Amino acid sequence: MKNFIRFLFQRFGYDIVRYHPPFIRGKTDKASIENEYKWLKEFKFMTIIDIGANEGQFADKIRLLFPNAYIYAFEPLPSVFEKLKDNFKEDKKFTAVNLGLGEQKSVLPLNENEYSPSSSFLNLTDVHTKNFEEAVKTKELNVNVEKLDEVFTAKQIELPLLVKIDVQGFEDKVIRGGINTLQKASVIICELSFVELYKGQALFEDILHLITQMGFKYAGSIEQLRAPETNRILQADGIFIK
């Protein structure tokens with residue numbers, strides 16, 4: 001029935017897609033965040049590195065828990081980066097960086113998705129397009145990519161450190177380019193995929209191996225992404241603690 005209704009709208013030049021409300025800085029419910037992430041507060045983070053920041057959704061949450069921490073947020077898409085900068089323009093301990101991160105310094109084509117959080121250096125699989133019809137159309141643009149370790153070579157990172165990685169299938173490349181920096185972290189929160197949503201991406205077992213090799217232990221997952229039709233778990237944010 002859903003496909004038939006969508007077909008009728010498309011015949012008249014319209015389409016039906018899932019609505020994603022825009023992110024608005026400062027509208028996050030502090031009480032619910034403090035309850036959900038209460039366990040993180042014991043680490044007393046002084047530096048947070050947000051890789052794949054988008055418009056600052058994660059940074060907005062984590063700022064509520066750690067008001068005095070310095071946040072470095074990496075976002076490669078120029079248009080989204082401008083929104084990120086604007087969202088945190090009053091935050092004196094926030095630095096937005098318009099870079100992609102990977103295994104080596106380069107210029108790479110990035111697939112900018114109509115739903116910007118689904119943008120990736122990798123191409124979409126059929127699993128992705130079938131389950132998320134609102135995140136299918138892409139356009140390609142070239143972006144600068146650096147190694148995390150090279151970005152922080154001359155920077156003094158105040159510990160304890162939290163690193164969050166959410167880069168749509170490019171997680172293994174980010175990790176391999178940032179081992180020295182990541183080893184300084186007390187906690188890593190990394191997106192883990194259980195099926196390929198992006199062609200050639202590293203899956204759960206691969207990322208688990210890379211991170212645990214650095215001395216971290218897998219401590220569970222939060223924020224699971226499920227397939228709309230079957231409710232199958234496709235992704236989750238894995239927690240790794242040293």
Side-chain angles (χ1 to χ4, degrees), residues 20-28 45 47-64 66-67 69-124 128 132 134-155 157 161-175 177-178 181-182 188-191 197-198 201 223 235 237:
H20 293 277
F23 168 64
I24 302 174
R25 168 90 164 113
K27 295 296 183 180
T28 305
F45 297 117
T47 304
I48 295 155
I49 300 176
D50 183 359
I51 303 170
N54 199 249
E55 296 178 18
Q57 294 91 328
F58 176 79
D60 189 44
K61 294 177 183 178
I62 212 71
R63 174 55 84 213
L64 295 174
F66 302 100
Y70 206 100
I71 300 176
Y72 296 93
F74 292 83
E75 174 51 50
L77 285 171
S79 59
V80 180
F81 171 74
E82 291 303 320
K83 293 177 183 177
L84 173 67
K85 265 201 321 184
D86 187 62
N87 284 334
F88 289 84
K89 61 187 176 184
E90 305 298 330
D91 193 324
K92 303 304 181 185
K93 292 191 172 185
F94 183 92
T95 296
V97 186
N98 187 204
L99 273 178
L101 293 175
E103 199 168 1
Q104 58 188 7
K105 183 175 182 176
S106 60
V107 176
L108 291 178
L110 177 66
N111 300 306
E112 182 175 6
N113 197 287
E114 58 186 321
Y115 176 55
S116 66
S118 289
S119 301
S120 176
F121 289 108
L122 306 178
N123 294 321
L124 301 173
H128 191 293
F132 305 104
E134 75 282 7
V136 173
K137 297 175 185 175
T138 63
K139 62 180 180 180
E140 189 178 283
L141 71 160
N142 291 328
V143 301
N144 292 319
V145 176
E146 299 271 1
K147 294 172 64 174
L148 178 64
D149 281 345
E150 291 183 357
V151 173
F152 283 96
T153 296
K155 287 186 173 69
I157 297 176
L161 168 66
L162 167 67
V163 180
K164 166 258 184 183
I165 307 171
D166 183 354
V167 288
Q168 309 308 307
F170 218 61
E171 288 78 14
D172 59 324
K173 310 295 191 301
V174 171
I175 293 167
T181 305
L182 293 172
I188 296 173
I189 298 176
C190 183
E191 186 172 76
L197 297 175
Y198 299 90
Q201 75 171 114
E223 299 197 15
Q235 286 182 333
D237 291 338

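As the structure is a computational prediction, the values presented were derived from the model and not from experiment. Note that the numbering runs from 1 along the sequence shown for the chain.
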Is V143 close to L77 at the side-chain level, that is, under 4.5 Å between some pair of heavy atoms? no
Side-chain heavy-atom pair V80, E55 within 4.5 angstrom cut-off: yes
Using a strict threshold of under 4.0 Å (side-chain N to carboxylate O), is an ion pair present between K61 and E223? yes
Could you tell me how the ring of F170 sits relative to the ring of F121: parallel (under 30°), tilted (30 to 60°) or perpendicular (over 60°)? tilted
Would you give the length of the straight line joining atom CG of L122 to atom CD of Q168, rounded to the nearest 0.5 angstrom? 9.5 Å
When you compare the side chain of L141 with that of P78, does any pair of heavy atoms fall below 4.5 Å? yes
Check whether any side-chain N or O of D237 sits under 3.5 Å from a backbone N or O of C190 as a donor-acceptor pair, and report yes or no. no
What's the shortest heavy-atom distance between A69 and F45, and which atoms? CB-O, 3.5 Å
Atom pair OG/NZ of S119 and K139 - distance to nearest 0.5 Å: 10.0 Å
Write down the atom of L84, the atom of A53, and the distance for their closest heavy-atom approach. CD2-CB, 4.0 Å
Distance check, rounded to the nearest 0.5 Å: I48 atom CD1 versus K93 atom NZ? 11.0 Å
Taking every heavy atom of P76 against every heavy atom of L110, the minimum-distance pair comes out as CG-CD2, 4.0 Å
Just so I know, are the side chains of F58 and I71 near enough to count as touching, which here means a heavy-atom distance under 4.5 Å? no
Between T181 and D149, is the side-chain hydrogen bond (donor to acceptor under 3.5 Å, both in side chains) condition met? List the steps. CA-CA 6 Å; T181 305; D149 281 345; 2.7 Å; yes
Nearest 0.5 Å, what's the CD-CG distance between E171 and D166? 6.5 Å
Y70 ring center near Y72 ring center (under 6.0 Å): yes
Can you confirm whether I175 sits close enough to I188 that some side-chain heavy atom of one is under 4.5 Å from a side-chain heavy atom of the other? no
For D60 and R63, what are the C-alpha separation, side-chain angles and deciding distance, and is it a salt bridge (charged side-chain N to carboxylate O under 4.0 Å, His left out)? CA-CA 5 Å; D60 189 44; R63 174 55 84 213; over 6 Å; no
Separation between CD of E140 and CG of L108, rounded to the nearest 0.5 Å: 10.0 Å
Validation row: V151, F74 side chains within 4.5 angstrom (heavy atoms): yes
In this structure, OG of S118 is separated from CG of L124 (nearest 0.5 Å) by 7.5 Å
Can you pull the side-chain hydrogen bond (donor to acceptor under 3.5 Å, both in side chains) pairs that have at least one residue in residues 73-83, sequence neighbours excluded? S79-E112
Counting N and O atoms only, with roles assigned by atom type, does the side chain of E150 sit under 3.5 Å from a partner on the main chain of E146, one being a donor and the other an acceptor? no
